[in-house]
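Data block below; observations after.
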Amino acid sequence: MSKTADIRLPDPSRWKALAFIALAQLMVVLDATIVNIALPHAQTDLGITDANKQWVITAYALAFGGLLLFGGRIADLWGRKRTFVVGLVGFALASALGGAAQNQGMLFGSRALQGVFGALLAPAALSLLAVMFTDAKERAKAFGIYGAIAGGGGAVGLILGGLLTQTLNWRWTFFVNIPFAIVAAAGAYFVIREPAGSRNRSPLDIPGVVLSALGLVSLVYGFTRAESAGWSDALTVGSFVASGVLLLAFVLIESRVASPLLPLRVVMDRNRGGVYLSLGLAVIAMFGLFLFLTYYLQVVKGYSPIKTGFAFMPMIAGMITGSTQIGARLMTRIPARTLMGPGFLTAAVGMLLLTRLDIDSSYAAVILPGQLLLGLGMGTAFMPAVSLATHGVEARDAGVASAMVNTSQQVGGAIGTALLNTIAASAATAYATSHAALGAKDPELLKLQSMVHGFTGAIWWAVGILVVAAAIALTFVNAGRPTAGTPASGGSGSGSAAGTEGGADGVEDEFRVPVVAH
């Protein structure tokens, strides 16, 4: 088939569709952090014990992380538009249930349902972008917007969560999702036109669904339990062992079945695998920082929830600038790795500034510049990374390729929260023990100093993780830049790497995965 025959006319309503896809993505990302601000109030109102409060977060994380690959495959099978709309409607209903919760069981159940429908919604949204925007320059703009939302939406959630909790009550952190979902679903139904012939109608791989879901649930649960029960806890260790066995069995089955849930060609591609790994590591660092800065600003500095939310504005501004003004403008001019590597390193410098935190640190001198650099670096790196993760993939695999982006971020977030929080707690305990004399004179001062010492110790680890992410991006990702004005993805599976130039190392690199015949 000729290259010209492989090129489809662009959808005239694609930019309107982007607005509704972006709105849905914002809702999902907001929900990841907006509930954190409201959690103490919900706990008091519903009488949730300290031992059970983690399930407000864990119930969502387990359902979302465990079912993402299944959701991506359903998007390829049902059609991305239908899956997108069903995910939005279900997410709205689950949010209404959470806002109306009368006891902890209702709240936990609503969060699990949000995770289920979020696992349908998130990969469908990203794969719609992948199949609708095929021109390299337009793709850069579209993914710049998506990347800014994916990166900065969590910080916006902290602001909105603070406003709603302080001015109304915690229930509105759930109810606010309903208008988002209604507008996005209505817009998607009337505007989105999914390209014809892009579905994967192969039979559903039931063993793959079961093994991947159980394996990912075990992995996410292991990290969330480690945060509260410790790494040596029998159930924590058992969860990790079970996860390893289940995921290994999943890989073996996927290499043998005719219609796998996750075709190994999607993850074995050098560029795509490098993106998934570097993104997951970067999110580990990011999620840990959100947690530490929130506690630092509220507990150590005494900020209100609203003031804490607005204190994250420099990071949001940096992410939007890095994604839409740096990443989107340069993505068609230079190879992706020359944005991802320096982007992660810039973020590491921002993290490095935050290792200087103490109880008397100036916001303007330490936190503001650290957040700006972190946001600029992450925004610059995330945009080409998310685009490259779905770039050139066969249309029938767009859903699962998109699901892998979300899976790497979700697992990274679970690891980051548990790992860095454990490091921070250990460092804080060691500091308190070695400064016991100060505790006898001023126990409150020792408590704050120990907390900050723990935060900075964990942030040093985050710096190292970002450096490793940059090294992986520079080493594994060798795709050249997409040439402006040519299709970025040959959805028919022609096997040509349309519009891609060789990388800096002189190798003729491709964004595409070569077609594997079934």
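What you see is a predicted model, and the numbers here were worked out from it, not measured in a lab.
Thr456 contributes a side-chain N or O that, together with a main-chain N or O of His453, makes up a donor-acceptor pair within less than 3.5 Å. The main-chain N or O of Gly215 is found under 3.5 Å from a side-chain atom of Ser243 such that the two form a donor-acceptor pair. Lys16 places no side-chain N or O within 3.5 Å of a backbone atom of Val191 that could act as its donor or acceptor partner. A side-chain donor-acceptor contact under 3.5 Å links Ser212 to the backbone of Val209. Remark: the backbone N or O of Ile48 is paired with a side-chain donor or acceptor of Gln43 at under 3.5 angstrom. In this structure a side-chain-to-backbone donor-acceptor pair under 3.5 Å is present from Arg111 to Val56. Judged by distance alone, the side chain of Gln325 and the main-chain N or O of Ser323 form no donor-acceptor pair under 3.5 Å.
In this structure the side chain of Ile192 reaches within 4.5 angstrom of the side chain of Phe84, judged on heavy atoms. A heavy-atom distance below 4.5 Å is found between the side chains of Leu374 and Met378. Between Met27 and Val176 the shortest side-chain heavy-atom distance does not fall below 4.5 Å.
To the nearest 0.5 angstrom, Gln449 atom CD is 7.5 Å from His435 atom NE2. Between the NZ atom in Lys307 and the OH atom in Tyr363 there is a gap of 10.0 Å [rounded to 0.5 Å]. Remark: Ser450 OG to Ile359 CD1 distance equals 10.0 Å, nearest 0.5 Å. Between atom CD of residue Gln371 and atom CG of residue Leu293 there is a gap of 5.5 Å, rounded to the nearest 0.5 Å. With rounding to the nearest 0.5 angstrom, the CG atom of Leu345 is 12.0 Å from the CG atom of Leu373. Note that CG of Leu466 is 11.0 Å distant from CG of Leu352, once rounded to the nearest 0.5 Å.
Sorted by first and then second residue, the salt bridge (charged side-chain N to carboxylate O under 4.0 Å, His left out) pairs with a member in residues 164-173 read Asp45-Arg171; sequence neighbours excluded.
With sequence neighbours excluded, the residues forming a salt bridge (charged side-chain N to carboxylate O under 4.0 Å, His left out) with Asp233 are Arg225, listed by chain and number.
A distance below 6.0 Å separates the ring centres of Phe223 and Phe240. Aromatic ring centroids of Trp460 and Phe455 lie 6.0 Å or more apart.
Taking all atoms of both residues into account, the shortest heavy-atom contact from Gly98 to Ser110 is CA-OG, 3.1 Å. What you find for Gly47 and Gln104 is that their closest heavy atoms are O-OE1, 4.4 Å. Taking both residues in full, the closest heavy atoms of Ala311 and Tyr303 are given as CB-CE2, 4.1 Å, listed atom of the first, atom of the second, then distance. Here the closest heavy-atom approach between residue Gly118 and residue Pro123 is recorded as O-CD, 4.1 Å. Pairing each heavy atom of Tyr221 with each of Leu235, the nearest pair is OH-CD2, 3.5 Å.
At least one test fails for Lys301 against the ring of Tyr296: distance under 6.0 Å to the centre or angle within 45° of the axis.
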Item to check | Chi angles and distances behind the side chain to side chain contact (heavy atoms under 4.5 Å, CB included) call for Phe180, Leu88 | outcome: CA-CA 9 Å; Phe180 276 97; Leu88 281 167; over 6 Å; no
Checklist entry - So Leu120 and Val86, side chain to side chain contact (heavy atoms under 4.5 Å, CB included) or not? Walk me through it. => result CA-CA 8 Å; Leu120 289 177; Val86 169; 4.3 Å; yes
Checklist entry - Do Phe174 and Gln114 pass the side chain to side chain contact (heavy atoms under 4.5 Å, CB included) test, and can you show the C-alpha distance, the side-chain angles, and the key distance before you say yes or no? => result CA-CA 10 Å; Phe174 286 88; Gln114 280 186 318; 3.9 Å; yes
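Note on ring orientation: taking the six-membered ring where Trp is involved, the planes of Trp172 and Phe175 are perpendicular (angle over 60°, cut-offs 30° and 60°).
Using modelled atom types, one finds no donor on one side chain facing an acceptor on the other under 3.5 Å when comparing Thr236 with Trp231.
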